[in-house]
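Take a look at the structure below.
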Amino acid sequence: MAERVVTMAIGPLVSMLKDKASSYLLDQYKVMEGMEEQHKILKRKLPAILDVITDVEEQAMAQREGAKAWLQELRTVAYVANEVFDEFKYEALRREAKKNGHYIKLGFDVIKLFPTHNRVAFRYKMGRKLCLILQAVEVLIAEMQVFGFKYQPQPPVSKEWRHTDYVSIDPQEIASRSRHEDKKNIIGILVDEASNADLTVVPVVAMGGLGKTTLAQLIYNDPEIQKHFQLLLWVCVSDTFDVNSLAKSIVEASPNKNVDTDKPPLDRLQKLVSGQRYLLVLDDVWDNKELRKWERLKVCLQHGGMGSAVLTTTRDKRVSEIMGADRAAYNLNALEDHFIKEIIEARAFSSKKEKPIELVEVVDEIVKRCCGSPLAATALGSVLCTKTSVKEWKAVSSGTSVCTDETGILPILKLSYNDLPAHMKQCFAFCAVFPKDYKINVEKLIQLWIANGFILEYKEDSPETFGKHIFDELVSRSFFLDLEESKDYSGYYSSTCKIHDLMHDIAMSVMEKECVVATMEPSEIEWLPDTARHLFLSCEEAERILNDSMQERSPAIQTLLCNSDVFSPLQHLSKYNTLHALKLCLGTESFLLKPKYLHHLRYLDLSESSIKALPEDISILYNLQVLDLSYCNYLDRLPRQMKYMTSLCHLYTHGCRNLKSMPPGLENLTKLQTLTVFVAGVPGPDCADVGELHGLNIGGRLELCQVENVEKAEAEVANLGGQLELQHLNLGDQLELRRVENVKKAEAKVANLGNKKDLRELTLRWTEVGDSKVLDKFEPHGGLQVLKIYKYGGKCMGMLQNMVEIHLSGCERLQVLFSCGTSFTFPKLKVLTLEHLLDFERWWEINEAQEEQIIFPLLEKLFIRHCGKLIALPEAPLLGEPSRGGNRLVCTPFSLLENLFIWYCGKLVPLREAPLVHESCSGGYRLVQSAFPALKVLALEDLGSFQKWDAAVEGEPILFPQLETLSVQKCPKLVDLPEAPKLSVLVIEDGKQEVFHFVDRYLSSLTILTLRLEHRETTSEAECTSIVPVESKEKWNQKSPLTVMRLRCCNSFFGPGALEPWGYFVHLEKLEIDRCDVLVHWPENVFQSMVSLRTLLIRNCKNLTGYAQAPLEPLASERSQHPRGLESLCLRNCPSLVEMFNVPASLRKMTIGGCIKLESIFGKQQGMAELVQVSSSSEAIMPATVSELPSTPMNHFCPCLEDLCLSACGSLPAVLNLPPSLKTLEMDRCSSIQVLSCQLGGLQKPEATTSRSRSPIMPQPLAAATAPAAREHLLPPHLEYLTILNCAGMLGGTLRLPAPLKRLFIMGNSGLTSLECLSGEHPPSLESLWLERCSTLASLPNEPQVYRSLWSLEITGCPAIKKLPRCLQQQLGSIKRKWLDARYEVTEFKPLKPKTWKEIPRLVRERRQACRS
């Protein structure tokens, strides 16, 4: 059976043309005057084409070349004809605006904007275009008859949308069951590599649609993986494996995406993963068949911590062989048939109550055609869902090609696409404009469909509603997946979705060259074909790429989506006159476009731009439907003539914090549905009144700002109260009033707002606290769910019982939350936030008739902050509930509470009374007190009076059965901790020393422990006991799961009896020790137990000196290296420290600061006295080169060390044996350092040369080198970043710069005399060079390569540098950021630009004279 192809649906394009040709506007404003006959003929012939279009499209799918060619020509003609009728429509809108006075408002500018709109000229120009279209249509109709295309009625566009339940099948649930063994196997591989220092790469290989990505998601989200890895990253690679772009994507997928944005992507990636055990998922890797690309990326990835891993999914075995060269690929097998059948039936019968037996029998035959692909099963099930008869099901089965290794599942996906109605085909095919794995904003997608005319207008529904139905139907058919809803920082909701990469391939094959996506700078000159209509750009310098391409070509672009900042104007603007949708992020204050070329624009997204204002002539965009100005932080005004943009439906102005007012006449925008922020300015002729919103059916979120400027507030706000159409397709309805104190008769107005039936969220904001009773009798309707109130001045509230969320902040006079006469139960409340309620002391007024009822039966989150007079949480009677053993007492007010935060409530003494409940234990049950049976997170901070966990009599233990996180900070009277068997995170800040003895009860469940106790000068021996009491040690038959431990003032961990327990912490990865006075010598016994330790931080240990000087102690070189897996070490403010411990070979990062007595970094280094002899005259007797340093057994330290930072180590005389692996070296306030030496392959002594002579400098006798200038310091060969700060007499002589060096900062140095390149090496290519206050530095490198990549330069306060090297002078003009002393600026090199050839000799003489000076 020949495979059917997918084609674009042309029928909707012709239908769109038919509707435009029949528009009432054309007749109303007589824009087709003189062309009436041609107009009538065209309107008659278009239906004739539509009559046969279904037959032609079916023949084209059957690969009849004549039909395909005819359709292609029809598409071309239809596009041109649509553009022509767009011009007719715009002319009609222009004449309407002129009639309404727009020309008068525009003044003289109208001549510039409409220079050719003479009616006679317009009629002549458009008449010619219409005749050409009519001729082309007549040719198509003649060919239609020759080809014998038959009449076939078009299926009507259904208005009855089936109620699709696309959550009836949970793909993740089926995947979890079907791929359980695969998930278990791969997790085992990843976790078992925890002690592997090499990067682990696990490729998962299978054909498309077998569920590789789904399996990777299951692994990525598995709790064991989340706990095992410190950093998890996910990036979809898809078609292009570009190293820099991929590195950037990986960094931007991390929490540190905004860090070091000025650095190269590979450097940022290396810093991100450095020292961290990470899991990186590279999903859908295709184009990575070049080993060098993977090796470049792998070099950076290998800087991660031990056990780091990369999980890749790919369809290509060659890719897996390259990326996982050391490991066999994991081949994912086809899904078993019973799972495939389950997926098909769940999809096919999702809308049917019963499964007809005759249809179920057909399923087995269809299962075989899926070849174990869950995506194919989902697609076929979705197709079958619309079929009801056995005949239709068998037709689907027989019309489906069996999946093969060669074709994959594409035939089934094509069938799924071809089964779509025509209007849905073009909507889905348009999505090819987005890159693969792109998060598509659903609301914007529907608006783009409307802007491009894919959704026609119907009287029954708005285009937005119709578009939402189409989207839902496509979701139900699995064309879209990964639906997510999120809220941005301003509270604005948005929904996103993605397209499976194979579905994306289908869309691309349909659109052919109509959609162009450029996520990196195109390498091909002709990347933008003339057939392109929809363009997506997310590469740097997008405007330059566009300008270069549009200079040579003239595609009729309808959609331009630019995801990168644009800083310079677009050129060839007249070529953009076909645009229907445009998204630009302008990085300039001015508007870079000319509206006179954008007449047909329907969609304009300028969100997050830097523009300060929109030009007045933007009001001539009469077709514009969507204007998105959200988060334009500098925008301070909108065009005054905006009222003439009568097609406008959606105006987004949230996040425009400098917007001063709204333009007048908004009542004319009768189609306006969305207005996110209305700013009421000072009343005047150029400012809109709130009353203008009265007649508009505004939907979505509405925020009112600067209400104090509202005139006639009584009537206008009251009208708002009667506005009942505040609703949105998917977003919550929100209204915010600011400065409510300026609204007259506020009680009535707020009451009206509360009665708005469709309002979901209401925010009331006062500028300052004042007397008010507005909310005393506030009774909102039942639909209002979220109430936010800021700085209300009343003492109590009205009826708030139906709220789901209540947020009260800054209501300083509020004394009682619930007044008399109101119900005390809140049956729907889930979130309650109380902040800065300074007078708040009681939950309700005293009421003896209070009934026994549950107060907060559904409350999940409770936040209380800065309520200084509050003494207790609300109480309620304890109600009995039946249980198997009889009645038991249960907690009712907070039975579902999961999150409780109480901060800065100085008078709060206990939590609420805890009732007795039964808890199962060995041998039966026990009675315990549990006030919060569902609580998972509890945070208490700055509670000066808090000392008890409940208000009951002491005795039975207090139980938090579900508590996972407990944080107690600054609660000075608390001396004990409750029972919490599931506690995994414990944080104690500024706690009493007595709390320490309760920690042992959590050690079997804790993963993170932060224990920062109060400091005591003297510590008794009794306090320095083991963390595990003797009586508890018997139960320790398993190791602690603790991975992170932070200790401050915890001498008990290192006291005489605290040696044994460290053997329990075999999983500990991070240890911080702060202010431990009993720590004197390195705790080697502790280090030996830390087999999993990766990060160690020790600070403020004033008595720590180093190794104990025992007589039998081995030499430093003979000591073992512990902890063996350590990767990051930080020592700060240990003023007594003299000697380091033997750091392990695994160390990657070392930071030492404030250790003023430290004499050596890598243990006791022999020969130090002979190497450094500093006399009173500050002259040192040094070896001439670092190669003369003695070779000792200690000269091979830290082969993996990459970052070394030394600060305030004033006694450190030298830094010897720097490892070659070092990439970053920082030294600050270490003025005693006189020698820098590097390990150079061990015993090998390299020859040192000067960069000028290129001849070897042979080692000199020690006595011969008596001057500081004779010294030469050799840096590690891979060093990239060097910083030397505030080291006055440090490092006299010459500093040689290695080739990889990118950034060099030297400030406050009076020892160095010259900077030179290494002999025999490529000179470095610096990116940043900062030299400040270097009094003795006189010479800089004179190689051009050193400065070619320079973008940041500072040379100030360096008197010995008389002039800059000539090669640096030539680069000054191209350096973006530079700070130079005035004498260097004079010599800045500027290219010769003579006006005549006769001037050249004079200019050369002047240049030579300037260089000599």
Side-chain angles (χ1 to χ4, degrees), residues 489 769 786-792 797 805-818 826 829-843 855-856 859-875 893-894 896-914 931-932 934-951 958 960 962-978 980 983-992 995 1008-1014 1046 1048:
Y489 54 85
V769 178
V786 180
L787 178 64
K788 298 179 181 180
I789 301 174
Y790 298 89
K791 296 188 178 182
Y792 171 56
M797 297 282 184
E805 292 186 27
I806 298 176
H807 302 265
L808 306 178
S809 179
C811 304
E812 298 177 359
R813 300 186 181 186
L814 189 70
Q815 297 177 352
V816 181
L817 190 59
F818 317 121
F826 291 79
L829 193 65
K830 293 185 177 181
V831 180
L832 176 60
T833 301
L834 308 173
E835 291 186 283
H836 292 277
L837 310 185
L838 303 185
D839 283 348
F840 179 60
E841 53 185 340
R842 298 195 311 275
W843 294 86
I855 303 176
F856 303 119
L859 192 65
E860 297 174 358
K861 298 179 181 180
L862 175 58
F863 302 86
I864 304 175
R865 184 175 182 178
H866 287 292
C867 297
K869 293 185 178 181
L870 186 65
I871 60 174
L873 296 181
E875 298 180 6
F894 301 110
L896 296 181
L897 190 68
E898 295 184 356
N899 295 270
L900 174 59
F901 296 80
I902 306 177
W903 299 314
Y904 308 104
C905 298
K907 292 188 176 182
L908 188 73
V909 180
L911 296 181
R912 64 171 312 279
E913 182 178 352
F932 304 94
L935 196 65
K936 293 183 178 180
V937 179
L938 174 59
L940 308 175
E941 182 175 349
D942 210 340
L943 308 182
S945 301
F946 182 74
Q947 54 186 331
K948 297 173 63 179
W949 291 97
D950 77 319
I958 306 299
F960 290 84
Q962 303 299 327
L963 192 64
E964 298 174 357
T965 300
L966 173 60
S967 174
V968 181
Q969 304 183 41
K970 297 181 181 180
C971 298
K973 294 186 178 182
L974 187 66
V975 295
D976 67 344
L977 297 175
L983 194 68
S984 61
V985 178
L986 175 61
V987 178
I988 305 292
E989 294 275 0
D990 295 323
K992 304 286 282 187
V995 172
I1008 298 176
L1009 171 62
T1010 299
L1011 200 58
R1012 298 187 173 112
L1013 305 180
E1014 63 179 357
R1046 303 180 182 95
R1048 187 182 71 198

Legend entry - Whether Ser809 side chain and Tyr790 backbone form a donor-acceptor pair below 3.5 Å: no
Inset, instruction - Report the distance from atom CG of Leu837 to atom CZ of Arg813, rounding to the nearest 0.5 Å. - result: 14.0 Å
Inset, instruction - For residues Lys791 and Cys811, report the shortest heavy-atom separation together with the two atoms involved. - result: N-SG, 4.1 Å
Exercise answer: donor-acceptor pairs, residues 860-873 side-chain atoms, under 3.5 Å, sequence neighbours excluded:
residue, atom, partner, partner atom, Å
Lys869, NZ, Asp839, OD1, 3.3

Inset, instruction - Mind checking the CD-CD1 spacing from Glu941 to Ile902? Nearest 0.5 Å is all I need. - result: 12.0 Å
Legend entry - Straight-line distance of Glu964 CD to Ser984 OG, nearest 0.5 Å: 5.5 Å
Legend entry - Straight-line distance of Leu838 CG to Leu814 CG, nearest 0.5 Å: 10.5 Å
Legend entry - Rounded distance [0.5 Å steps], CG in Leu900 versus CG in Leu832: 10.5 Å
Inset, instruction - Indicate yes or no: at least one non-hydrogen side-chain atom of Arg1046 is less than 4.5 angstrom from one of Ile1008. - result: yes
Inset, instruction - For residues Phe946 and Lys973, report the shortest heavy-atom separation together with the two atoms involved. - result: O-CB, 3.6 Å
Inset, instruction - Show your working on side-chain contact (heavy atoms from CB on, under 4.5 Å) between Leu896 and Phe856 and close with a plain yes or no. - result: CA-CA 9 Å; Leu896 296 181; Phe856 303 119; over 6 Å; no
Legend entry - Leu963 versus Val937, closest heavy-atom pair with distance: CD1-N, 3.9 Å
Inset, instruction - Specify the closest pair of heavy atoms between Lys992 and Leu1013, including all atoms of both residues, with the distance to one decimal. - result: O-CD2, 3.7 Å
Inset, instruction - With the side chain counted from C-beta on, respond yes when His836 and Glu812 share a heavy-atom pair under 4.5 Å apart, and no when they do not. - result: no
Inset, instruction - Considering only NZ, NE, NH1 and NH2 on the basic side and carboxylate oxygens on the acidic side, decide whether Arg1012 and Glu989 come within less than 4.0 Å. - result: yes
Inset, instruction - Grab the two heavy atoms, one from Asp990 and one from Arg1048, that are nearest each other, plus how far apart they are. - result: OD1-NH2, 2.7 Å
Inset, instruction - Report yes if some heavy atom in the side chain of Ile988 is under 4.5 Å from a heavy atom in the side chain of Leu977; otherwise report no. - result: yes
Inset, instruction - Go through the side-chain N and O atoms of Thr833 and Glu835 and say whether any donor and acceptor fall under 3.5 Å apart. - result: no
Legend entry - Leu974 and Leu940: CA distance, side-chain angles, deciding distance, side-chain contact (heavy atoms from CB on, under 4.5 Å) verdict: CA-CA 11 Å; Leu974 187 66; Leu940 308 175; 5.7 Å; no
